[in-house]
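Below, read A as the first sequence line, B as the second, and so on, with proteins coming before strands; counting in each chain starts at 1. Everything quoted here is computed from the prediction, not taken from an experiment.
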Protein chains: 2
Amino acid sequence: MGNKQQITERIAALLKDSKLSVTETRTKILELFMKSNGALEHSDFEKLAGKSFDRVTVYRTLQTFLDKGIIHRIPTTDTSVRYAVCKSECTEHHHHDHHVHFKCEACGNTICLDDTNIPEIQLPKGFAANNVEVVVSGVCKSCK
Amino acid sequence: MGNKQQITERIAALLKDSKLSVTETRTKILELFMKSNGALEHSDFEKLAGKSFDRVTVYRTLQTFLDKGIIHRIPTTDTSVRYAVCKSECTEHHHHDHHVHFKCEACGNTICLDDTNIPEIQLPKGFAANNVEVVVSGVCKSCK
DNA sequence: CATAATTTTGCAACGTTGTTGCAAAATTAC
DNA sequence: GTAATTTTGCAACAACGTTGCAAAATTATG
């Protein structure tokens, strides 16, 4: 595992690739994503960050990352919005979110099961699929 | 198709089965569910109803229906909350939402594809699934 | 069917969440 | 290092959702 310095450099490179200025807020938020292996929601960023950022800045930063394809949203059945970092094959113009999200009913975490395949779903005639979102809920490995 | 009188009676019976008082609000909201073949969100109820109901009443009515297993929520990637009527096999204590939801990118509607099967998903070791939610987005039959 | 007990509704007030405009601060380009 | 650009934080606002309480409607009872 790289040390803190290396992570910061990787993040800076990622931001530059997306033609974004390298700022403290963006770096800190991306660090949080990389540290956590689960999905984060808005309130996490205001709490978890050592220094707390303005709400507005967090909203705008997440929106920017969404626009650039750096993160994606995970479906929920309530009003919360959860985010996770995208796999490398996601770009600004095309998303490949064809992986399974798992929500643990015990610890509340949502994680991406990147290596779990989504089987083909046979839709009725006349329906064309662009994207498939799967959220499995149950008990995760750690809580078992 | 039954006439209006018959629908009203069916709704009254459904409410009584769930040990709920038969009120104008609840009847009207269930009528809206039955007329629309898609998923509804909160704002629909305040707008669509001929007589408009108080926001609070709508929130509480939907929560009651959720508790009783009459409706269920459909996952979304934004802050909106969408509801659909449950199939008969849903009860107060156990839900069977194992059907596919389809969100049309053209008309914006979300519908339940009750007859579309969800294939078995092979989870990594240590994960136990309780419920699977699938939301497919694309273009629906009517918008094709 | 009239009255009592219970449930539901609407209002007011409040808290949370998300958005917009604008000036100050930080970052990048030169 | 300085100018141009981008990002941030503040203030104010709008939308969404919740809670307590009194009035109204529904259901239960004699």
Side-chain angles (χ1 to χ4, degrees), chain A residues 8-9 11-32 39-68 70-83 92 108, chain B residues 8-9 11-32 39-68 70-83 92 108:
Chain A
T8 305
E9 276 168 25
I11 288 174
L14 173 59
L15 288 171
K16 278 174 191 161
D17 281 352
S18 299
K19 303 199 196 319
L20 293 174
S21 304
V22 180
T23 68
E24 194 189 340
T25 312
R26 288 175 180 162
T27 306
K28 205 78 164 235
I29 286 182
L30 281 178
E31 268 175 30
L32 284 175
L40 299 173
E41 56 186 287
H42 180 88
S43 59
D44 292 331
F45 301 105
E46 293 176 56
K47 287 178 208 145
L48 290 182
K51 175 200 170 191
S52 62
F53 300 107
D54 191 77
R55 282 179 329 122
V56 180
T57 303
V58 175
Y59 280 116
R60 286 195 274 225
T61 302
L62 292 173
Q63 185 59 53
T64 302
F65 288 171
L66 279 177
D67 292 343
K68 295 293 184 178
I70 298 172
I71 61 176
H72 65 271
R73 286 177 167 172
I74 295 175
T76 62
T77 52
D78 57 26
T79 56
S80 70
V81 183
R82 311 201 130 208
Y83 302 86
E92 182 167 358
Chain B
T8 305
E9 277 168 24
I11 289 174
L14 173 59
L15 288 171
K16 277 174 192 160
D17 281 351
S18 300
K19 303 200 196 320
L20 293 173
S21 303
V22 179
T23 68
E24 196 190 338
T25 312
R26 288 174 180 162
T27 306
K28 205 78 163 233
I29 286 182
L30 280 178
E31 269 176 30
L32 284 175
L40 299 172
E41 56 186 288
H42 180 87
S43 58
D44 292 332
F45 302 105
E46 293 177 55
K47 288 178 209 147
L48 291 182
K51 175 198 171 190
S52 63
F53 300 106
D54 191 78
R55 281 179 330 123
V56 180
T57 304
V58 175
Y59 281 117
R60 286 196 273 225
T61 303
L62 293 172
Q63 185 59 54
T64 303
F65 288 171
L66 278 177
D67 292 344
K68 295 293 184 178
I70 297 172
I71 60 176
H72 65 271
R73 285 178 167 172
I74 296 175
T76 62
T77 53
D78 57 27
T79 56
S80 70
V81 184
R82 311 202 131 209
Y83 302 86
E92 182 168 358

**Request:** Would you sort out whether B/Lys68 and B/Asp17 count as a side chain to side chain contact (heavy atoms under 4.5 Å, CB included), showing the intermediate values?
**Result:** CA-CA 10 Å; B/Lys68 295 293 184 178; B/Asp17 281 351; over 6 Å; no
**Prompt:** Hey, mind stepping through A/Leu15 and A/Phe65 against side chain to side chain contact (heavy atoms under 4.5 Å, CB included) and telling me if it holds?
**Reply:** CA-CA 9 Å; A/Leu15 288 171; A/Phe65 288 171; 3.9 Å; yes
**Request:** List the steps and the verdict of side chain to side chain contact (heavy atoms under 4.5 Å, CB included) for A/Val22 and A/Arg26.
**Result:** CA-CA 7 Å; A/Val22 180; A/Arg26 288 175 180 162; over 6 Å; no
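Atom pair A/Asp54:CG and C/dT20:C1' shows a separation of 13 Å (rounding to whole Å applied). Whole-Å rounding puts the A/Lys28 NZ to C/dT27 P distance at 13 Å. Distance A/Leu15 CG to D/dT7 P: 10 Å, rounded to the nearest Å. Here the P atom of nucleotide D/dT8 and the CZ atom of A/Phe45 are 14 Å apart, to the nearest Å. Counting to the nearest Å, the P atom of C/dT17 and the CZ atom of A/Phe53 are 19 Å from each other. Per the geometry, NE2 belonging to A/His42 stands 11 Å off C1' belonging to C/dT16, to the nearest Å. In this structure, A/Ile29 atom CD1 and D/dT7 atom C1' are separated by 12 Å, rounded to whole Å. With rounding to whole Å, A/Lys68 atom NZ is found 11 Å from D/dT6 atom P.
When distances are taken from the side chain of B/Thr57 to each of D/dG17, C/dG18, C/dG10, the shortest belongs to C/dG10.
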**Request:** Using a 4.0 Å heavy-atom cut-off, write out nucleotides 18-30 of chain D from 5' to 3' as B (base contacted by protein), S (sugar-phosphate only) or - (no contact).
**Result:** BBB-----SS---
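Applying the salt bridge (Lys or Arg N to Asp or Glu O under 4.0 Å) test to A/Glu9 and every residue at least two apart in sequence or in another chain returns nothing.
Checked by atom type and distance alone, the side chain of B/Ser21 never pairs as donor or acceptor with a backbone atom of B/Thr23 at under 3.5 Å.
Each end of the helix from C/dC1-D/dG30 to C/dC30-D/dG1 yields a helix axis from five base pairs, and these two axes differ in direction by 40° (to the nearest 10 degrees).
For the atom pair A/Asp78 CG and B/Thr76 OG1, the distance stands at 8.5 Å (nearest 0.5 Å). To the nearest 0.5 angstrom, B/Phe45 atom CZ is 13.5 Å from B/Lys28 atom NZ. Remark: A/Thr61 OG1 to A/Leu66 CG distance equals 11.0 Å, nearest 0.5 Å. Note: B/Ile71 CD1 to B/Ile29 CD1 = 8.5 Å, rounded to the nearest 0.5 Å.
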